[in-house]
There are 2 protein chains.
Amino acid sequence: MERYLENTKVFKALGDPKRAMIVDMLSCGELCACMILEKFEMSQSTLSHHMKLLCECGLVKGREQGKWTYYSLDTDTVSRTKQFFSALTSDKGSCICKEGAGCCKGCDENE
Amino acid sequence: MERYLENTKVFKALGDPKRAMIVDMLSCGELCACMILEKFEMSQSTLSHHMKLLCECGLVKGREQGKWTYYSLDTDTVSRTKQFFSALTSDKGSCICKEGAGCCKGCDENE
DNA sequence: ACCTCAAATCTATAGGCTTCGATATGGGTA
DNA sequence: TACCCATATCGAAGCCTATAGATTTGAGGT
C-alpha cells in the first residue's frame with residue numbers, strides 16, 4: 001500500500017478544483033503568490049494553505065526572493081504522476097487476479 | 001473553474017490509497033467485487049462505497065452478471081486524465097500571467 | 001415459495017479538510 | 001530602530017469523508 005502513498009498525496013492535492021487550477025496556471029510559468037491570489041476569491045491565509053499542500057506533495061516548488069515567494073511546477077513529479085496513468089493502460093494480460101492468485105501490480109503489498 | 005471539476009472528481013477518487021490500489025488491480029483486467037474484497041481488510045459496505053465513487057467519477061465501469069458485479073477500468077477516462085498532466089508540461093511560454101493579464105489556461109473562467 | 005448469498009443502501013460516528021480572521025515572521029525601507 | 005508589506009502559522013467553525021453494522025434488494029438454487 002505504501003507505494004501508492006506518494007501518488008495519493010498528489011491526487012489529494014489535485015482533488016480541490018482551486019488547487020488544480022493553480023497548478024494549471026503554473027504550467028504557464030513561475031508565479032508570485034500575490035499574482036495567484038488576484039485570480040481567486042479567497043483569503044491570503046487560505047491560499048497559503050493551498051500552496052503548502054501543493055509543495056508538500058511535490059507538485060510545486062517555492063522560491064523565496066525578498067518579501068515574495070515565487071511558485072513553479074516540479075515537472076519531475078508531474079511526469080511521475082503521469083506515469084501512473086500510463087501504467088494503467090499498459091502491461092495488460094499478465095495478471096491472473098481472476099483466479100485470486102494475488103498477483104496484480106498492487107496485490108503483493110497488501111498482505 | 002467548471003472545466004476542472006471533471007478531473008477533480010477523478011483525483012478525489014484516487015486520493016484514497018485503497019481506491020488507487022483498486023484501480024491498479026483493475027488495470028490487470030476485470031475483477032468481481034468479492035475478489036477485490038478479499039485483498040483488503042474492509043467491510044463489504046465500505047468497499048461498495050469505494051466502488052460507487054470510482055464509478056461515479058468515470059474511472060471504473062460496473063457490469064452486473066447474476067449475483068455478481070464485475071468491475072473494469074474505463075480507459076477513456078484514464079486517457080483523459082493522463083492528458084491533464086501532458087498539458088502541464090507542454091504549451092509553455094504562451095502565458096503572460098506574470099503581467100497579470102489573466103491569460104493562462106485557467107484564468108478565463110475565474111471571473 | 002423459501003432460503004442463500006452478493007451487493008447496494010441506510011444510519012451513525014469519528015476524523016479530516018476548507019475556510020477565515022487574527023496573529024506571527026521576516027525582508028525591505030525610511 | 002521603527003515601520004510597511006508579503007507570507008506563513010494558529011485556532012475555530014462548518015462541511016465532507018471513511019468506515020462499520022444493520023437492513024434492503026435481487027438473483028439463483030432447493
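As the structure is a computational prediction, the values presented were derived from the model and not from experiment. Residue numbering restarts at 1 for every chain, and letters A, B, ... go by the order of the sequence lines.
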Between C:dA7 (C1') and B:L31 (CG): distance, integer Å
16 Å
Presence of B:S45 side-chain N/O under 4.0 Å of D:dG21 phosphate oxygens OP1/OP2
no
Can you tell me if the side-chain N/O atoms of B:K12 get under 4.0 Å from OP1 or OP2 in C:dC17?
no
Using a cut-off of 6.0 Å, state whether more than 12 heavy atoms not belonging to A:E56 lie near its atom CD.
yes
Rounding to an integer number of Å, can you tell me how far A:Y70 OH sits from D:dT7 P?
8 Å
How do B:Q44 and B:L53 order along DNA chain D: which one's closest nucleotide is nearer the 5' end?
B:L53
Over 60° means perpendicular and under 30° means parallel, so tell me whether B:F85 and A:F11 are parallel, tilted or perpendicular.
perpendicular
Between D:dC5, C:dC20, D:dA8, which nucleotide gets closest to the side-chain atoms of A:S43?
C:dC20
Separation of D:dA18 atom P from B:E56 atom CD, nearest Å, is 12 Å
Phosphate OP1/OP2 of D:dA6 contacted by A:Y71 side-chain N/O (<4.0 Å)
no
Let me know the distance between NE2 of B:H49 and P of D:dG21, rounded to the nearest Å.
16 Å
OP1 or OP2 of C:dT19 less than 4.0 angstrom from a side-chain nitrogen or oxygen of A:K18, does that happen here?
yes
Check whether A:S48 reaches the backbone of A:Q44 with its side chain - one donor and one acceptor, N or O, closer than 3.5 Å.
no
Spell out, as yes or no, whether a donor-acceptor pair under 3.5 Å connects the side chain of A:R19 to the backbone of A:H50.
no
What nucleotide, of C:dA7, D:dA20, D:dT9, holds the atom closest to the side chain of B:T46?
D:dA20
Nearest-nucleotide pick for B:C34, side chain only, options being D:dT17, C:dA7, C:dT18:
C:dA7
From the candidates C:dC17, C:dA7, D:dG26, the one with an atom nearest any side-chain atom of B:K67 is D:dG26
What's A:M42 touching, base or sugar-phosphate or nothing? Going by heavy atoms closer than 4.0 Å.
sugar-phosphate
Testing A:V23, A:D74, A:L53 one by one against A:L59 for a side-chain contact (heavy atoms from CB on, under 4.5 Å), which residue passes?
A:V23
Whole angstrom is fine here: how far is it from CE in A:M35 over to P in D:dA6?
11 Å
Between atom CG in A:L37 and atom C1' in D:dT7, what is the gap in whole Å?
11 Å
Taking NZ from B:K52 and P from D:dA18, how many angstroms apart are they, rounded to a whole number?
13 Å
Quick one: is B:H50 getting a side-chain N or O under 4.0 Å of the D:dT19 phosphate, OP1 or OP2?
yes
Separation of D:dT9 P from A:E64 CD (nearest whole Å)
9 Å
Side chain of B:S48 (C-beta onward), nearest among D:dT9, C:dT9, C:dT19:
C:dT9
